[in-house]
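What follows is one structure encoded as structure tokens, with my remarks underneath.
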Amino acid sequence: MGLKERVQIWPQVLAIISATLVSFTCGIFFTWPSPSIPKLLNEEYPDEMTLDEVSYLTVFPALALLLSSPLSGRLIDLIGRRRTLLLITLPHLLSWGLTAIGGSIYIFYAARIINGFADSCTFAAVPTYISEVATPAVRSVWGNCLTFAIYFGNFIMNAIGAYYSIRTTATIFGIIPIMFFIIFYFMPETPYYLLMKGDEAEARKSLKWLRNKPDVEDELIQLTADVRRQLSEPGTYKHIFTIASNRRAMLTGIFIRGLQQYSGISAISMYSQMIFQKSGSDLSSSLSAIIFSGTMVITILASSFAIEILGRRISMMLSCLGSGIILILLAVYFYFNEKTDADLTDFQLFPIIAMIVYVLFYSIGLGIVPTIMLGEIFSSSIKARALCIMNVFFGIYISTSSKIFSYLMLTFGMYMPFALFGICTILGTICSYYYVPETRGKTLEQIQQSFKAKTKS
């Protein structure tokens, strides 16, 4: 890419990065249980809390995401992608405020539920915003910013949360939503949304800013035709399932998001310190969690280049196979550690090494492909409603996988959830070959046409 092209794309990159600041806060909240649950159980709060009570701190955000998805899906079409993102500032600030003053488990429940609503809006608006402001070339390289921001938030939460109190941590992170609002306020609405509302003048203005050039008429004409064609298609919830191409896109989304979550990533991230506590390693659980999440940040950052070389489908297959094998090996380790008298002194570093390798494999496919593709595969006529349904499934996947993890861990031992997630992920290797379409380098309209062509064939 020459200097002229780099200069031209910087507004798109700025818009994407500023939008994903809200995802950064989402990632911080997501991993909040990892350093916080041990403190709630042991040291920081006088009220006695049981492991079962605090386990619901990992479940309530997902349930709130599930229940509020119809509203968030409606908001991105009603008030726009940009205003929906700005609106997320309010629940984020309220959640941090409640966390800072929280003295009982019920206040923490309330904070997590409010955060779940913010997550719902985030996962509806951010992928849509990124896919609609970026060209295919920019989207291919920078489309992983959403995923990177979430995992960078995981890392920062583990790093700061391990060494500061829950109240201090909440106060520090409460500044970020304010920073996001100030920065993102100056970003434009997407040309797609403005054309959907018939505002061609504002769409032209937005497109000129994003493309950093005065003449955008050719692209505007093409976008207008694409949006009109897509909006001419029926766009109710019914038509998501009755129109074959829409149904194929929806089933693809349900599959890739489910496969991602049942690789165990959410449960492992939320319980990472507890996992390392039970591993018997000489490394402290907090340091191990920081290494785990820090490795994920680095590998996610580099993974976009791997995906561009390998493509979406191959990346998912390699990611599933490698992650699944490592999860099974971890299950074997925890079985011998918990259920036998085997001397594992020589293998004390195995859990952290295996988790790092797991992160490497996870990042090249499972970590980034689902999030990128959910912004690409749905037609404009159904995108808001389709993402609403996807958020419902996302909430179900997170809540069930995290609760299954805690149930299996308490009932059978740490080895059982790793065995379950390992089997699911290895099976996903085969399924990915048939159910993950290749969208690399395609415009949103070309992706829709490919779904129609596959449906006809």
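Everything numeric in this text was worked out from a predicted model, so none of it was measured.
- Counting only distance, with no hydrogens or angles, the side chain of S319 and the backbone of L366 share a donor-acceptor pair below 3.5 Å.
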Give the C-alpha distance, both sets of side-chain angles, the deciding distance and a yes or no for side chain to side chain contact (heavy atoms under 4.5 Å, CB included) between L327 and I268. CA-CA 11 Å; L327 289 169; I268 291 171; 4.1 Å; yes

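- In plain terms, the two heavy atoms of G367 and Y151 that are nearest each other are O-CE1, 4.0 Å.
- Of all the heavy atoms in A111 and S95, the pair that sits closest is O-OG, 3.1 Å.
- The closest side-chain heavy-atom distance from L66 to N391 is not below 4.5 Å.
- Contact record, N158 with A289: ND2-O, 3.7 Å, taken as the closest heavy-atom pair.
- Put simply, the side chain of K339 gets close to the backbone of F412: a donor and an acceptor are under 3.5 Å apart.
- The aromatic ring centroids of W96 and F29 lie less than 6.0 Å from each other.
- One finds the CG atom of L410 at 13.0 Å from the CE atom of M416 (value rounded to the nearest 0.5 Å).
- Note that the CD1 atom of I352 and the CD1 atom of I291 stand 5.0 Å from one another [nearest 0.5 Å].
- For the ring pair (Phe, Tyr, Trp, His ring centres under 6.0 Å) with Y129, the lone residue among Y192, F184, F123 that qualifies is F184.
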CA sep, side-chain torsions, deciding dist, call: F378, L387, side chain to side chain contact (heavy atoms under 4.5 Å, CB included): CA-CA 8 Å; F378 297 115; L387 288 175; 4.3 Å; yes

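- Side-chain contact check for N337 versus M414: every heavy-atom pair is 4.5 Å or farther apart.
- The neighbour count for Y237 OH, taken as heavy atoms of other residues, nucleotides or ligands under 6.0 Å away, is above 12.
- Side-chain N or O atoms of R112 include none that pairs as donor or acceptor with a backbone N or O of P61 at under 3.5 Å.
- The side-chain heavy atoms of I28 and T169, taken from C-beta on, include no pair separated by under 4.5 Å.
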Side chain to side chain contact (heavy atoms under 4.5 Å, CB included) evaluation trace for M187 with L14: CA-CA 8 Å; M187 296 300 110; L14 179 60; 3.9 Å; yes

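- In this structure, F108 and L40 approach most closely via the heavy-atom pair CE1-CD2, 3.7 Å.
- Side-chain polar atoms of N154 and T31 form a donor-acceptor pair below 3.5 angstrom.
- Residues S68 and F117 meet the side-chain proximity criterion, which asks for heavy atoms closer than 4.5 Å.
- Not one N or O on the side chain of R313 forms a donor-acceptor pair closer than 3.5 Å with the backbone of P437.
- You'll find the ring centres of H92 and F180 outside the 6.0 Å limit.
- Within a 6.0 Å sphere centred on CZ of F241, other residues, nucleotides and ligands contribute more than 12 heavy atoms.
- Remark: T242 engages K238, H239 in a side chain to side chain contact (heavy atoms under 4.5 Å, CB included) (not counting sequence neighbours).
- The CD1 atom of I17 sits 8.5 Å away from atom CG of L21, with the distance rounded to the nearest 0.5 Å.
- The only option from L146, I88, T89 that meets the side chain to side chain contact (heavy atoms under 4.5 Å, CB included) definition with V22 turns out to be I88.
- Summarising the geometry of G428 relative to F255, their closest heavy-atom pair is O-CZ, 4.3 Å, with the distance given to 0.1 Å.
- Residue Y435 qualifies as open at atom OH: its count of foreign heavy atoms under 6.0 Å is 12 or below.
- The CD1 atom of I37 sits 6.0 Å away from atom OG1 of T58, with the distance rounded to the nearest 0.5 Å.
- In this structure, R257 is positioned above the aromatic face of F394, its NZ or CZ under 6.0 Å from the six-membered ring centre and within 45° of the axis.
- Checked by atom type and distance alone, the side chain of S323 pairs as donor or acceptor with a backbone atom of Y362 at under 3.5 Å.
- A salt bridge between E376 and K383 is absent, with no side-chain N of the basic residue lying under 4.0 Å from a carboxylate O of the acidic one.
- When atom types are taken as modelled, the side chain of S293 and the backbone of I290 share a donor-acceptor pair closer than 3.5 angstrom.
- Between T371 and Q260 there is a side-chain heavy-atom pair separated by less than 4.5 Å.
- In terms of modelled atom types and a separation under 3.5 Å, the side chain of S399 and the main chain of L63 share no donor-acceptor contact.
- One N or O on the side chain of K39 and one on the backbone of Y164 form a donor-acceptor pair closer than 3.5 Å.
- Ring planes of F334 and F418: parallel class, angle under 30° (limits at 30 and 60°).
- Note on ring orientation: taking the six-membered ring where Trp is involved, the planes of Y109 and Y56 are perpendicular (angle over 60°, cut-offs 30° and 60°).
- Note: F24 and F152 have parallel aromatic rings, judged against thresholds of 30 and 60 degrees for the angle between ring planes.
- Residue P351 comes nearest to L330 through the heavy atom pair CA-CD2, 4.0 Å, listed as atom of the first residue, atom of the second, then distance.
- For F148 and W142, the gap between ring centers reaches or exceeds 6.0 Å.
- Under the 4.0 Å criterion applied to side-chain N and carboxylate O atoms, R81 and E189 are not assigned as salt-bridge partners.
- Using a distance-only test at 3.5 Å, with no hydrogens or angles considered, no donor-acceptor pair links the side chain of E132 to the main chain of P191.
- At least one side-chain heavy atom of S432 sits less than 4.5 Å from a side-chain heavy atom of L259.
- To the nearest 0.5 Å, atom CD1 of residue I114 and atom CG of residue D119 are 12.5 Å apart.
- Between the side chain of Q261 and the backbone N or O of I398, no donor-acceptor pair lies under 3.5 Å.
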Give the C-alpha distance, both sets of side-chain angles, the deciding distance and a yes or no for side chain to side chain contact (heavy atoms under 4.5 Å, CB included) between Y335 and T340. CA-CA 7 Å; Y335 178 83; T340 72; 4.2 Å; yes

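- When only modelled atom types and interatomic distance are considered, S266 and Y397 share no side-chain donor-acceptor pair under 3.5 Å.
- Note that CZ of F155 and OG1 of T295 are 9.0 Å apart. Values are rounded to the nearest 0.5 Å.
- The side-chain heavy atoms of S402 and V59, taken from C-beta on, include a pair separated by under 4.5 Å.
- No side-chain heavy atom of C121 sits under 4.5 Å from any side-chain heavy atom of L87.
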